[in-house]
Amino acid sequence: MQALIIRHLTGEASAEEEKQLSAWIAQSQDNEHHYRDLRKAFELSNRYYTNRSDQDPDINIDKEWNHFVNQINEKPTADTPVRMLIPDQSPGRWLRVAAALALLVASGFVINYFIFGSRVHHQTTGNTLSITLNDGSEVLLNRNSELWYSTRFGSKTRTVNLKGEAFFEVVRDPDRPFIVHVNDVDIEVLGTSFNVQGYDEKGVDVIVETGVVKFSAPAVNKEVKLTAGQRGVYIKEQQQLISISNEDRNFLSWKTRKIIFIENDLRTVVAALNKAYNANIVITANIPASCVVTVTFDHQSLEAVLNVLKSTLNLTYRITGNQIEITLAGC
């Protein structure tokens with residue numbers, strides 16, 4: 001899709017490709033945001049090269065590419081692609097291709113510089129990430145999550161954006177509320193600790209550990225106040241925003257690696273282990289309702305956990321690639 005977007009931006013996409021791109025953009029907000037980011041990077045890089053061309057009509061394209069890289073604080077290395085950008089020198093043509101090349105080759109830093117240049121952006125994949133903000137607040141970002149905020153964070157306002165899951169420990173400041181934007185909702189606090197989960201656009205889940213949180217959905221004009229031990233849930237499709245008592249004692253297991261089970265059924269146990277260990281455990285056996293677990297795991301490896309369950313419940317499982325399949329339970 002990135003190559004198709006570049007052909008669209010340079011005016012080289014066919015009518016069929018334009019239809020394909022339009023359909024892809026309409027599929028989700030993420031697709032639309034990705035397209036807009038690339039378009040803005042294209043426009044900014046195009047403007048950069050246009051200005052350079054006006055200053056020097058006999059511009060050396062290879063030299064200017066290196067200059068462009070230096071301008072964004074990324075010195076070219078032996079691995080930096082530097083080449084003659086186009087075979088022809090038609091007016092304006094090389095400018096479009098230079099912009100497209102900036103998108104395709106250097107998107108990792110070009111877009112971050114221009115689009116995110118005024119903000120800090122953190123992203124995780126299979127790892128968690130600890131972040132200390134300018135005001136001293138702590139954020140632990142879970143796997144496959146993103147957090148971004150202005151480089152001016154803390155000067156006048158304290159606002160961050162989240163996609164995925166994170167645990168926040170916010171330093172109290174009555175004059176500057178701390179606000180988390182995630183999907184279509186806002187979480188506002190003065191100083192507290194809470195967990196936010198919003199991996200997709202279907203909804204958001206907030207669990208408060210300490211303090212008070214204002215949980216609001218401006219799109220549906222609803223808000224609730226959550227205190228320690230409460231859970232706020234936003235269901236986008238039903239336009240519901242509710243508060244309930246949190247019954248999940250393992251909601252922070254991904255952070256603490258401590259998991260407590262008290263007469264929990266095996267399917268509940270498996271769901272908790274998958275989240276805590278980023279595992280892929282599936283049950284293909286018929287499990288009786290009497291198959292329950294009471295045990296505590298504290299910073300133990302997944303292998304150790306499985307061995308305990310195997311001996312306790314007489315489990316049989318097999319490992320295929322990254323999947324662990326429970327095929328029998330003798331409890």
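As a basis for the values below, the full set of heavy atoms in this structure was taken, side chains included, without hydrogen atoms, waters or symmetry mates.
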Would you say Ile187 and Val224 are hydrophobically clustered, going by side-chain heavy atoms of ILVMFWY under 4.5 Å? yes
Gap separating the CZ atom of Phe251 from the CZ atom of Phe194, nearest 0.5 angstrom: 12.0 Å
When you measure from the side chain of Asn250 to the backbone of Ser253, do you find a donor-acceptor pair of N or O atoms at a distance under 3.5 Å? no
Hey, are Glu209 and Asn195 close enough side-chain-wise for a donor-acceptor pair under 3.5 Å? no
Given side chain to side chain contact (heavy atoms under 4.5 Å, CB included), test Val189 with Phe168 step by step and report yes or no. CA-CA 10 Å; Val189 305; Phe168 294 84; over 6 Å; no
Do other residues, nucleotides or ligands put more than 12 heavy atoms under 6.0 Å from the CD atom of Gln239? no
Which heavy atom of Ala279 sits nearest a heavy atom of Leu302, and at what distance? CB-CD2, 3.8 Å
Rounded to the nearest 0.5 Å, how far apart are OG of Ser14 and NZ of Lys19? 10.5 Å
For residues Glu17 and His8, is any side-chain donor paired with an opposing acceptor at under 3.5 Å? no
Give the cluster check for Val196 versus Leu190: same hydrophobic cluster or not, with ILVMFWY residues linked at side-chain heavy-atom distances below 4.5 Å. no
Does any donor atom in the side chain of Tyr149 or His121 lie under 3.5 Å from an acceptor atom in the other side chain? no
Using side-chain heavy atoms (C-beta onward) and a distance below 4.5 Å, is Leu162 in contact with Leu141? yes
Among pairs that include at least one residue of residues 295-322, which meet side chain to side chain donor-acceptor pair (under 3.5 Å), considering only residues two or more places apart or in two chains? Arg318-Glu325
Under 3.5 Å: donor-acceptor pair, side chain of Asn183, backbone of Asp200: yes
State, yes or no, whether a side-chain contact exists between Val308 and Phe297 at a heavy-atom distance under 4.5 Å. yes
If you take all heavy atoms of Arg143 and Thr124, which pair is closest and at what distance? C-OG1, 3.5 Å
The residue among Val180, Leu129, Val139 that forms side-chain contact (heavy atoms from CB on, under 4.5 Å) with Leu147 is Val139
Hydrophobic clustering (ILVMFWY, side-chain heavy atoms < 4.5 Å, transitive) - are Val171 and Phe153 grouped together? no
Indicate yes or no for a side-chain donor-acceptor contact from Ser137 to the backbone of Leu133 under 3.5 Å, with no hydrogens or angles considered. no
I'd like to check Ile326 versus Leu309 (side-chain heavy atoms, cut-off strictly below 4.5 Å). Are they in contact? no
Within the 4.5 Å heavy-atom criterion, are Ser216 and Val185 side-chain neighbours or not? no
Examine the side chains of Glu138 and Thr132 and answer whether a donor and an acceptor come within less than 3.5 Å of each other. yes
Could you check Lys275 against Gln197 for side chain to side chain contact (heavy atoms under 4.5 Å, CB included), going step by step and ending with a plain yes or no? CA-CA 12 Å; Lys275 179 174 182 179; Gln197 185 183 101; 3.2 Å; yes
Considering non-hydrogen atoms only, spot the tightest contact between Ile260 and Asn264 and give its length. O-OD1, 4.2 Å
When you look at Val233 and Ile235, which way does the side chain to side chain contact (heavy atoms under 4.5 Å, CB included) test go after all the steps? CA-CA 6 Å; Val233 180; Ile235 307 171; 4.0 Å; yes
Report the distance from atom CG of Leu226 to atom OG of Ser245, rounding to the nearest 0.5 Å. 11.5 Å
Test side-chain contact (heavy atoms from CB on, under 4.5 Å) applied to Ile324 and Val270, Ile281, Asn280, the passing residue: Ile281
Around atom NZ of Lys255, are there more than 12 heavy atoms of other residues, nucleotides or ligands at under 6.0 Å? yes
Are Phe215 and Asp186 close enough that some pair of their side-chain heavy atoms sits under 4.5 Å apart? no
Gln123 versus Glu146: any side-chain heavy-atom pair under 4.5 Å? yes
Within one Ile-Leu-Val-Met-Phe-Trp-Tyr cluster: Ile319 and Val269, side-chain cutoff 4.5 Å: yes
Between the side chain of Asn127 and the main-chain N/O of Thr125, is any donor-acceptor distance below 3.5 Å? yes
Verdict with reasoning, Tyr35 to Ile5, per side chain to side chain contact (heavy atoms under 4.5 Å, CB included): CA-CA 7 Å; Tyr35 166 74; Ile5 292 172; 4.0 Å; yes
Going from OG1 on Thr128 to CZ on Arg257, what distance comes out if it is rounded to the nearest 0.5 angstrom? 9.0 Å
Take Ser145 and Asn142, measure what side-chain hydrogen bond (donor to acceptor under 3.5 Å, both in side chains) needs, and give me the verdict at the end. CA-CA 6 Å; Ser145 301; Asn142 201 358; 5.8 Å; no
Any pair counted as side chain to side chain donor-acceptor pair (under 3.5 Å), so long as it reaches residues 218-235, sequence neighbours left out: Asp205-Arg231, Thr227-Gln230, Arg231-Asn246
Is any side-chain heavy atom of Ile283 less than 4.5 Å from a side-chain heavy atom of Arg267? yes
Between Thr256 (side chain only) and Lys258 (backbone N and O only), is there a donor and an acceptor less than 3.5 Å apart? yes
To the nearest 0.5 angstrom, please state how far the CD1 atom of Ile25 sits from the CD atom of Glu32. 7.5 Å
Any Trp254 side-chain heavy atom under 4.5 Å of Tyr277 side chain: no
Tightest non-hydrogen contact, residues Ala272 and Ile259, listed as CB-CG2, 4.4 Å
Any side-chain donor paired with an acceptor under 3.5 Å for His181 and Asn161? no
When rounded to the nearest 0.5 Å, the distance separating OG1 of Thr327 from CG of Leu315 is 9.0 Å
Indicate if Ile287 and Leu313 have the same hydrophobic cluster label, given that clusters are the connected sets of ILVMFWY residues with side-chain heavy-atom separations under 4.5 angstrom. yes
